[in-house]
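Heads up, the thing below is written out as structure tokens.
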Amino acid sequence: MAPDRSAGLAECVRALAAGEVTSRTLVERALARIEATQPTVNAFRRVRTEAALAEADAADRALAAAERRPLLGVPVAVKDDMDVAGEPTAFGCCGEFPPRAEDGEAVRRLRAAGAVVVGKTNTCELGQWPFTEGPAFGATRNPWHHDHTPGGSSGGSAAAVAAGLVPAALGSDGAGSVRIPASWTHLVGIKPQRGRISTWPRPESFQGITVNGTLARTVADAALLLDAASGNHEGDLHRPPALSVSEAVGRDPGRLGIAVSLKPPFTALPARLDPQVRERVLALAERLAALGHVVEEAEPSYGRIGLTFVPRATAGIAEWVREVPHPHLLDRRTRDSARLGRLLAGAPLRVARRAEASLHRRIGALFTSYDVMLAPTTAAPPPRIGAMLHLGGLGTDRAMIAACPYAWPWNVLGWPGVNVPAGFVDGLPVGAQLLGPANSEPLLVSLAAQLEADQRWHERWPPVRSATDSAAA
């Protein structure tokens, strides 16, 4: 019998509006899939069973009254760094956390669009690492192979979508944390322009390097969720001009100049692109050329951009650590990063923030000659579960940079990027990222949708594995 996997976001919206299915049925199916896969995939930290069913019933009443909203009655998930009223926001940490009184702005907008939030997905501690494991909740596993991580830090959201538990989910991206797990689970992951989706109740997140983004199986679904969640609270520090990303899906992007960048930005630790990942990215570049685009190898002038990332990232960790109810339960690597963040939070942080304008000019010079940049999302396929969990601070940094050296510069810049599936290496998914300058989401989405129509990546699903299979692994 075929597995009971969710239809896409847009298909759910259509079926609900047509009266072919009820919201309660969709939500019950999602909850059943979550329950069945928690022993193996372990995508969720919190499941809102009773609340979600009540919200589904309310959505059905609204649908029966001919009310129409963009996501009315559709089940979705959000990462556990986002506030959902009545639920704790543990952000991967151990210990008890108080329930939040109000939805964060992104969740509020999803609810206003009619979505039913079925639960909060797992993330590593304070979103620091490209794996989703820890003593607070165990290991979230990759639906494509349970021995391997789905990536991080939005690994729970990626695993939930890849396994078909929900049609789409919100994640957050501070150094690739949407794009990396999208790459490693064969999904589309959109990291939008800074401020496109509000981070309120934080005016900005991690000193502006972290943004909220979307994960889905198709470009259209990722764009639809992005539009529903987009918008600002009056307290947001970053408020880009409003735009509709969904309108770009199916729009001909025209003949573009595409720069293929394979060289990692400078880091103090070595990084090397896996030859098989390189082959998959270059194969995508060839398809883009066959679709009529001008594709050339060209590298941006990154310079020492990493020197501006570290103060912002560690100061952001220090801010979160101050709010954790039980700091003594935190991973030692977290406490060390917070200590460094407190040291760098003065003049080094101010210098790092001021450097952003010159980085925009220098790196943005590439976009005077090209429209879009294509780069690997990661340097390697997903590691095995546990490979980074018990490393020390330096060992973790080495492993992270070796696997994921490509995504984080666009967090410093605050510009958009879209992960697209690039194929498989030894049965494990890998991806490539389409990167653009400020507010270029419509162009990136238009190009990604054109590539999706050519590659049909959304037609391929992970194999169905039983709990016995996972235990044996």
Side-chain angles (χ1 to χ4, degrees), residues 5-6 33-34 37-45 77-81 92 119-125 127-134 136-191 213-217 222 277 377-389 399-400 403-404 407 419-431 433 457-458 460-465 469-470 473:
R5 285 162 162 168
S6 61
R33 287 190 293 265
I34 292 167
T37 58
Q38 273 299 100
T40 51
V41 176
N42 186 29
F44 282 81
R45 181 76 182 260
V78 301
K79 183 177 178 179
D80 193 26
D81 61 345
K120 304 186 75 181
T121 58
N122 280 327
T123 171
C124 60
E125 193 169 284
Q128 300 168 82
W129 306 305
F131 57 85
T132 302
E133 303 170 57
F137 58 87
T140 297
R141 296 177 180 271
N142 196 318
W144 290 90
H145 198 302
H146 290 169
D147 283 352
H148 292 261
T149 181
S153 61
S154 305
S157 287
V161 177
L165 312 186
V166 289
L170 286 184
S172 59
D173 190 314
S177 286
V178 163
R179 290 163 290 156
I180 290 166
S183 166
W184 283 346
T185 58
H186 197 66
L187 297 178
V188 175
I190 301 179
K191 172 216 173 297
T214 61
L215 295 123
R217 293 181 55 77
V277 176
T377 303
T378 68
R384 285 184 170 269
I385 292 289
M388 300 185 197
L389 182 60
M400 284 198 301
C404 304
N419 176 80
V420 294
F424 294 81
V425 173
D426 297 328
L428 296 167
V430 295
Q433 44 181 347
W457 53 61
H458 55 287
R460 186 165 177 180
W461 285 86
V464 178
R465 287 190 168 86
D469 293 335
S470 187

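Everything numeric in this text was worked out from a predicted model, so none of it was measured. Note: hydrogens, waters and symmetry copies are ignored here, and every other heavy atom, side chains too, is used.
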Problem - Least distance between heavy atoms, Val430 atom then Pro381 atom - result: CG1-CA, 3.9 Å
Practice task
Decide yes or no for His186 and Trp144: does some side-chain heavy atom of the first lie under 4.5 Å from some side-chain heavy atom of the second?
Solution key: yes
Exercise for the section: Would you check if the side chain of Arg217 reaches a backbone N or O of Arg460 as a donor-acceptor pair within less than 3.5 Å? Expected result: yes
Handout entry: Gap between atom CD1 of Ile190 and atom OG1 of Thr214 - 0.5 Å precision
Key = 4.0 Å
Problem - Under the ring-ring contact (aromatic ring centres under 6.0 Å, His included) test, residues paired with His148 that sit two or more places apart - result: His145
Exercise for the section: Mind listing the closest non-hydrogen atom pair of Ala159 and Val41 along with its distance? Expected result: CB-CG1, 3.7 Å
Handout entry: Exercise: identify the closest heavy-atom pair between Thr149 and Phe131
Key = OG1-CA, 3.6 Å
Problem - Side-chain heavy-atom pair Leu170, Ser157 within 4.5 angstrom cut-off - result: no
Handout entry: Minimum side-chain heavy-atom gap Asn122-Asn42 below 4.5 Å
Key = yes
Practice task
Verify, without hydrogens or angle tests, whether Ser154 (side chain) and Ser177 (backbone) share a donor-acceptor contact under 3.5 angstrom.
Solution key: yes
Practice task
Indicate the atoms forming the closest heavy-atom contact of Gly155 with Pro150, along with that distance.
Solution key: O-CG, 3.7 Å
Exercise for the section: Check for a donor-acceptor pair, side chain of Thr140 on one end and backbone N or O of Ala43 on the other, with a separation under 3.5 Å. Expected result: no
Handout entry: Inter-residue atom distance Asp81.CG - Thr123.OG1, 0.5 Å rounding
Key = 6.0 Å
Problem - Nearest-0.5 Å distance, OG1 of residue Thr132 to CG of residue Asp80 - result: 11.5 Å
Handout entry: N/O donor-acceptor pair under 3.5 Å between Thr377 side chain and Gln433 backbone
Key = yes
Problem - Which atom of Trp184 lies closest to which atom of Pro130, heavy atoms considered - result: CZ3-O, 3.5 Å
Exercise for the section: Keeping the roles fixed (side chain from Arg33, backbone from Gly164), state whether a donor-acceptor pair exists under 3.5 Å. Expected result: yes
Exercise for the section: Indicate yes or no for a side-chain donor-acceptor contact from Asn419 to the backbone of Leu187 under 3.5 Å, with no hydrogens or angles considered. Expected result: yes
Completion exercise
So CH2 of Trp129 and SG of Cys404: to nearest 0.5 Å the spacing works out to 14.0 Å
Practice task
Examine distances only and state if a side-chain atom of Arg179 and a backbone atom of Gly189 form a donor-acceptor pair shorter than 3.5 Å.
Solution key: no
Exercise for the section: Measure the spacing between OG1 of Thr37 and CZ of Arg141 and express it to the nearest 0.5 Å. Expected result: 13.0 Å
Problem - side chain to side chain contact (heavy atoms under 4.5 Å, CB included) between Val161 and Val166, worked out - result: CA-CA 5 Å; Val161 177; Val166 289; 4.1 Å; yes
Exercise for the section: Over all heavy atoms of both residues, which pair between Glu133 and Ala139 is shortest? Give the atoms and the distance, please. Expected result: CG-CB, 3.9 Å
